[in-house]
Amino acid sequence: MKRYIPASSFIWLLLFTIVSSAYCSGVSSADPPKPIIVVSIASVDRLMDDLAYMAKITGQPQANGFVQLLAGKFLETLDRSRPSGVIVTLADHGPKGVGFLPISDLKGLLSKLDAQFGVDVEQLDHGIKRVGIGKSVFLKQQGKWLFFSDHAENLDHLPAEPEKLLEGLHQSYDLAIRLNVRNIPESVRKLASHNLETWVELGLDPNLSTNADLDPELAEVLRKNVTQVARSLIYDTDQVTVGWAVDSQGRRSYLDVDVTAVAGTDLARRFSGLSSSATAFSGLVGSDAAISFLVSCSLSDQDIEQFTTLFEILRREGKKAIQKDADAPPELVAIFDQILSVVVATFQQGTVDTGGSVFLGPRSFQFAGGVRVANGPALAAAFKSIIELAKNEPDVPVVKFNAARHRNIAFHTFSVPIAEDEKESRKVLGDALDVVIGTGPKSVYLAFGQNGIQLLTDVIERSTKGGKQPLASVQMKVAVKRLMRFLATVSEKDEKLGILADTIEKAEGGDGISAVIQGGPQRLHGRLEIQEGVFEMLGKAVQLDK
């Protein structure tokens, strides 16, 4: 299991493989190549307004003035109401990049550049100019647009209206990048798929010394699953768009990631699954939480099959490992088998529903979480069996089973002593960490901190009264005011934390950081949003570090 690939690294590897594969694929076509990468930059007016807003709320007004001073002469040549962009195509054995700027006066631009930097200009055929600014850049004026590239031949066939290629991205975002996967030639996608499969096989090869402890059957399952995902991303994806925007009216900034799938594909069906389920744990994402997360989605038949196969292998290998351990009691095999049976049965029901929240007060910490399971009583019995087996072992806590009950949830409690030298933890939790485990017919709950039973009771009541709610499939929220006030009270000697806590407490804008992922027909949408008050606090942090 050492060679699991982080999701972000996998996406970048996929993009790198696709583009680099173009160099060896011999792409050539009589038709004009379609753009595979589009970079959109909003108009100067929008960018300057957003820069001024961000400089103001972060307490760095000089940053806006510095940009205006540095780029002032150059900005004078731009049409401040129109966007800029870069278009990358694949043709003739490799990628070709062409940028465009809303400039209709090339002569005026060159005059300003020469006055400021000193440039070497050479007139070439077809209206192309070579400009030497360290490295040669090739320019061509066409109507009200100035096109540029690192190779003169890239400027032979230019779009009459490049703004249309941005497909409105400049209206939604300050900066955006779109990958048109369906425009990548079939030969390039085929080669990229082959290269990724080869890389995955090498990464999961049990015969390599770094993977010597990896079970061959497990390696084969992982290889099959990862290559299946890679093929799906390469062949089933239509577009991938990443866009960043500043919303001064909404007093926030956000980063969007959108992936659209080809209709009727496995990827499209998986995206739809992320929009078709409702959570039974809505009470866990209350407005009084400092940090909360929620995952609620449906699984496709393919997902269920993959998870079942994977956990069946883990169950078999886990039982073998227990049997080989001379110190492990024989009863542990049956307990482990019972737990994994519930896990497998849960995935086979085709839904994932879980969530959790951290509640913070002055020197107060509580956590509450819950997960939907196929058989809660079976997990309760397994937990009881584990405690019974370990009752004579040192430092095993005394568990009070069925200490309380609410609705159909039984609460089991125990405490874990906190060492005397853990002074910071004792400030928040006291002499011991109180733990509550709640088990019901189809759910398991967990709470840390004081008054855990009451906390879970409140959560269950809110969830029950609210019913199943269709919230975002994956979401995480942070209330930074509560988090910073907690940190400041725990670390009283850290004056910087106190100042930052005061700053965001007094901030007029919101204090939230949120991340959501939501599926839909042929579409997966993700957004990371940061509200204005957080930027005010970050600006203060920069000032304190100076």
- Item | Test applied, salt bridge (charged side-chain N to carboxylate O under 4.0 Å, His left out); reference residue, R527; option that passes from D247, D258, D256 | D256

- Item | Test item: T227 and L196 side chains (from C-beta on) under 4.5 Å apart, heavy atoms | no

- Can you find a pair of side-chain heavy atoms, one from P185 and one from L90, that are under 4.5 Å apart? yes

- Task: Provide the closest heavy-atom pair for S415 versus A432 in the form atom of the first, atom of the second, distance.
- Result: CB-CB, 4.1 Å

- Which heavy-atom pair separates A374 from K442 by the least distance, and what is that distance? O-NZ, 2.8 Å

- Task: Please report the shortest heavy-atom distance between T237 and V240, naming the atom on each side.
- Result: CG2-CG2, 3.8 Å

- Query: Any luck finding a side-chain donor-acceptor pair between R372 and Q349 under 3.5 Å?
  - Reply: yes

- Item | Heavy-atom neighbours of D421 CG exceed 12 at 6.0 Å | yes

- Give the minimum heavy-atom separation between D353 and A280, together with the two atoms involved. OD2-N, 2.8 Å

- Within a strict 4.5 Å, meaning less than it, do heavy atoms of the E312 and T308 side chains meet? yes

- Message: What's the separation between atom CD1 in I37 and atom CG in N183, rounded to the nearest 0.5 Å?
- Response: 11.0 Å

- Query: Given F401 and F414, is the side-chain contact (heavy atoms from CB on, under 4.5 Å) satisfied, shown in steps?
  - Reply: CA-CA 9 Å; F401 289 95; F414 61 93; over 6 Å; no

- How far apart are the C-alpha atoms of V229 and R270, what are their side-chain angles, what is the distance that settles it, and do they pass the side-chain contact (heavy atoms from CB on, under 4.5 Å) test? CA-CA 11 Å; V229 170; R270 289 187 174 189; 4.3 Å; yes

- Query: Do E461 and R407 pass the side-chain contact (heavy atoms from CB on, under 4.5 Å) test, and can you show the C-alpha distance, the side-chain angles, and the key distance before you say yes or no?
  - Reply: CA-CA 9 Å; E461 277 301 297; R407 293 187 181 268; 2.7 Å; yes

- Query: Taking the side chain from S463 and the backbone from G283, do they hold a donor-acceptor pair closer than 3.5 Å?
  - Reply: yes

- Item | Side-chain heavy atoms of T309 within contact of E220, under 4.5 Å | no

- Task: Mark yes or no for whether D434, through its side chain, and G452, through its backbone, hold a donor-acceptor pair below 3.5 Å.
- Result: no

- Message: Nearest 0.5 angstrom please: Q518 CD to H525 NE2, how far?
- Response: 9.0 Å

- Item | Donor-acceptor under 3.5 Å (Q522 side chain, A261 main chain) | yes

- Item | Atom of S443, atom of I409 and distance for their closest heavy-atom approach | OG-CD1, 3.6 Å

- Find the distance between CG (L360) and CD (Q366) and round it off to the nearest 0.5 Å. 9.0 Å

- Backbone of S364 reached by a side-chain donor or acceptor of Q450 within 3.5 Å: no

- Output the distance between atom CD1 (I530) and atom OG (S514), rounded to the nearest 0.5 Å. 9.0 Å

- For side-chain contact (heavy atoms from CB on, under 4.5 Å), just list the numbers for F347 and V352, CA-CA rounded to whole Å, side-chain angles, deciding distance to a tenth of an Å, and then say yes or no. CA-CA 7 Å; F347 279 109; V352 174; 4.2 Å; yes

- Item | T279 and V295, any side-chain heavy atoms less than 4.5 Å apart | no

- Query: Within the side chain of H412, is there an N or O that forms a donor-acceptor pair under 3.5 Å with the backbone of N402?
  - Reply: yes

- Item | Side-chain donor/acceptor of S253 to backbone N/O of A245, under 3.5 Å | yes

- Message: What's the separation between atom CD1 in I386 and atom CG in L332, rounded to the nearest 0.5 Å?
- Response: 7.0 Å

- Return yes when atom CD of E317 has more than 12 non-hydrogen atoms of other residues, nucleotides or ligands closer than 6.0 Å, and no otherwise. yes

- Does a donor on one side chain sit under 3.5 Å from an acceptor on the other, for S300 and D303? yes

- Do we see a donor-acceptor contact under 3.5 Å between the side chains of T260 and R523? no

- Hey, are the side chains of N180 and K34 touching, using non-hydrogen atoms and a 4.5 Å cut-off? no

- Looking just at side-chain N and O atoms, do R315 and S341 make a donor-acceptor pair shorter than 3.5 Å? yes

- Item | Heavy-atom check, side chain of I335 versus side chain of L389, under 4.5 Å | yes

- Compare every heavy atom of I513 with every heavy atom of L528, then report the nearest pair and how far apart it is. CD1-CG2, 4.2 Å

- Task: To the nearest 0.5 Å, tell me how far N451 CG sits from F359 CZ.
- Result: 12.5 Å

- Q531 side-chain N/O to G512 backbone N/O, donor-acceptor pair under 3.5 Å: yes

- Item | ring-ring contact (aromatic ring centres under 6.0 Å, His included) pairs, two or more places apart, involving residues 415-464 | F281-Y445, F367-F448

Do any side-chain atoms of residues 479-488 form donor-acceptor pairs under 3.5 angstrom with protein atoms, and if so which ones, sequence neighbours left out?
residue : atom : partner : partner atom : Å
R482    : NH1  : S287    : O            : 3.3
R482    : NH2  : S287    : O            : 3.3
R485    : NH2  : D502    : OD1          : 3.0

- Message: Other residues, nucleotides and ligands only: do more than 12 of their heavy atoms fall within 6.0 Å of CG on D301?
- Response: no

- Message: When you measure from the side chain of R426 to the backbone of I418, do you find a donor-acceptor pair of N or O atoms at a distance under 3.5 Å?
- Response: yes

- Would you call R189 and R182 a side-chain contact if the rule is heavy atoms closer than 4.5 Å? yes

- Query: Does E420 CD have over 12 foreign heavy atoms under 6.0 Å away?
  - Reply: no

